[in-house]
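Read the structure below first, then the notes.
Side-chain atoms are counted along with the backbone in the values below, which use heavy atoms only and exclude waters and symmetry mates.
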Amino acid sequence: MEIKYTTDLLIFAIDDKENENCRELSKKSLSLLLVKRTKEPFKNMWCLPGGFVFDNETSLDAAKRILKKETNLQNFYLEQLKTFDEINRDPRGRIISTAYISLVDKKMIKQDLSKNAVWFDLEIIEEKNNICINLRNELDSININLLKNIVNEKSKQYNYKLVNSNIAFDHGLIINEGIKDLRKKANSSDIIFNMMPNKFTIGELKQVYEIILNKKLINSAFRRVIASKIEPTNEIIKNGGHRPSQYFKYKNNLGE
């Protein structure tokens with residue numbers, strides 16, 4: 001049996017949504033970039049950008065090429081997420097895929113998207129061992145349902161089974177792995193600042209962490225955690241009837 005090699009791309013971004021209450025900050029949302037398939041299998045269904053790796057490419061080389069080809073975006077930092085090698089994961093045969101992940105600030109994207117690439121707002125609902133990932137925009141909606149099973153109680157290892165979804169291939173599982181990776185990185189690194197503009201308020205930064213971690217954070221505790229990572233600027237923003245908020249920047253921003 002011939003084994004073929006592909007790569008899939010998870011491009012996450014933070015977006016601003018208009019808030020009905022003009023006194024409050026704009027509401028942040030987490031987005032994921034998807035493309036619509038133009039051929040079988042799963043023709044006309046949404047999926048992650050992806051494709052086959054050529055003989056003269058590494059998976060990273062292929063990921064960069066495919067990102068440009070399928071979305072018209074380029075020059076993103078891509079980090080390897082995981083290799084997916086379930087035997088029956090692709091109806092075309094034995095296909096192994098290495099997924100890459102990128103976190104971006106949507107405001108910093110200068111290129112126009114290709115016609116088949118669309119941003120979807122992402123919402124995660126977790127109840128005990130059931131996980132529901134909802135992807136929506138004005139064009140369509142996608143629902144991914146997974147079952148979380150304990151593998152090792154002591155080490156807190158889990159596996160995830162795709163119960164149902166209306167997204168192509170096993171991309172519901174790949175998206176779930178990407179979300180898990182985002183949360184791990186939010187707790188262990190400064191990678192979340194890739195999703196932030198050059199200047200931001202602490203309230204905006206807290207919103208982003210809350211969206212990714214899928215939980216509310218205590219203001220005082222959050223300020224203590226991020227105190228060493230940010231520094232104030234000389235700029236102030238006024239929000240409706242609330243007191244002015246100070247802009248901050250990432251302390252280790254090499255561009256500053």
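- For Leu139, the CG atom is densely surrounded, since the number of other residues' heavy atoms within 6.0 Å is greater than 12.
- Taking 4.0 Å as the cut-off between side-chain N and carboxylate O, Arg65 and Asp61 do not count as a salt-bridged pair.
- Within the 3.5 Å criterion, the main-chain N or O of Ile95 finds a donor-acceptor partner in the side chain of Arg89.
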Evaluation steps, side-chain contact (heavy atoms from CB on, under 4.5 Å), between Leu34 and Ile167: CA-CA 10 Å; Leu34 299 179; Ile167 194 169; 4.3 Å; yes
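- The side chain to side chain contact (heavy atoms under 4.5 Å, CB included) with Pro41 is formed by just one residue from the set Met45, Lys39, Lys43, Arg37; it is Arg37.
- Side-chain N or O atoms of Glu79 include none that pairs as donor or acceptor with a backbone N or O of Ser102 at under 3.5 Å.
- Using modelled atom types, one finds no donor on one side chain facing an acceptor on the other under 3.5 Å when comparing Thr98 with Thr7.
- Side chains of Lys4 and Arg94 form no contact here, defined as non-hydrogen atoms less than 4.5 Å apart.
- At a threshold of 4.5 Å between non-hydrogen side-chain atoms, the residues Leu173 and Tyr160 count as touching.
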Stepwise ring pair (Phe, Tyr, Trp, His ring centres under 6.0 Å) check, Phe169 with Phe42: CA-CA 8 Å; Phe169 302 104; Phe42 305 107; 4.8 Å; yes
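- Side-chain contact of Asp8 with Ser97: a donor-acceptor pair under 3.5 Å is present, judged by distance alone.
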Candidate pair Asp105 and Met195, rule side-chain contact (heavy atoms from CB on, under 4.5 Å), full reasoning: CA-CA 4 Å; Asp105 173 15; Met195 307 176 94; 5.5 Å; no
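- Shown here is Asn88, whose CG atom has no more than 12 heavy atoms of other residues, nucleotides or ligands within 6.0 Å.
- Remark: Lys28 NZ is packed, more than 12 non-hydrogen atoms of other residues, nucleotides or ligands lying under 6.0 Å away.
- The cationic group of Lys148 lies under 6.0 Å from the six-membered ring centre of Tyr158 and within 45° of the ring axis, placing it in a cation-pi geometry.
- In this pair, Tyr209 and Phe193 present their aromatic rings perpendicular. The plane angle is above 60°, beyond the 30 to 60° band.
- When only modelled atom types and interatomic distance are considered, Asp140 and Trp46 share a side-chain donor-acceptor pair under 3.5 Å.
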From CA spacing to verdict: side-chain contact (heavy atoms from CB on, under 4.5 Å), Asn145, Asn130: CA-CA 7 Å; Asn145 294 287; Asn130 296 302; over 6 Å; no
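- Shown here is Lys229, whose NZ atom has more than 12 heavy atoms of other residues, nucleotides or ligands within 6.0 Å.
- More than 12 non-hydrogen atoms from other residues, nucleotides or ligands lie less than 6.0 angstrom from CD of Gln157.
- Atom CD of Glu127 has 12 or fewer heavy atoms from other residues, nucleotides or ligands within 6.0 Å.
- By the 4.0 Å N-to-carboxylate-O rule, Lys251 lies too far from Glu231 to be salt-bridged with it.
- A single hydrophobic cluster is seen to contain both Leu213 and Ile124, as judged by linkage of ILVMFWY side chains at heavy-atom distances under 4.5 Å, directly or through other members.
- In this structure, Arg92 pairs ionically with Asp90, as a charged nitrogen and a carboxylate oxygen lie closer than 4.0 Å.
- Across all non-hydrogen atoms, the minimal contact from Asn176 to Ile131 is OD1-CD1, 4.1 Å.
- In this structure, Lys249 fails the cation-pi test against Tyr247, since its NZ or CZ atom is not both closer than 6.0 Å to the six-membered ring centre and inside 45 degrees of the ring normal.
- Here the side chains of Met196 and Tyr250 are not in contact, with every heavy-atom distance at 4.5 Å or above.
- Residues Phe12 and Leu182 form a side-chain contact, since some pair of their non-hydrogen atoms from C-beta on lies under 4.5 Å apart.
- Between Leu48 and Leu32, the closest side-chain pair of non-hydrogen atoms falls below 4.5 Å.
- In the displayed structure, Lys180 atom NZ is contacted under 6.0 Å by more than 12 heavy atoms of other residues, nucleotides or ligands.
- The main-chain N or O of Asn143 is found under 3.5 Å from a side-chain atom of Asn166 such that the two form a donor-acceptor pair.
- Looking only at distances, a side-chain donor or acceptor of Arg183 sits under 3.5 Å from a matching main-chain atom of Ile212.
- Side-chain contact, Asn72 with Lys68: a donor N or O sits under 3.5 Å from an acceptor N or O.
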Worked verdict on Leu147 versus Asn129 for side-chain contact (heavy atoms from CB on, under 4.5 Å): CA-CA 6 Å; Leu147 185 63; Asn129 294 327; 4.3 Å; yes
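- Here the side chain of Tyr100 pairs a donor or acceptor atom with the backbone of Leu60 at under 3.5 angstrom.
- Side-chain atoms of Asn137 come within 3.5 Å of backbone atoms of Trp119 as a donor-acceptor pair (strictly under, hydrogens ignored).
- For Ser114 (side chain) and Glu70 (main-chain N/O), a donor-acceptor pair under 3.5 Å exists by modelled atom type.
- Remark: Arg223 CZ is loosely packed, at most 12 non-hydrogen atoms of other residues, nucleotides or ligands lying under 6.0 Å away.
- Between the side chains of Asn214 and Glu126, a donor-acceptor pair is found at a separation under 3.5 Å.
- Not one N or O on the side chain of Gln246 forms a donor-acceptor pair closer than 3.5 Å with the backbone of Asn234.
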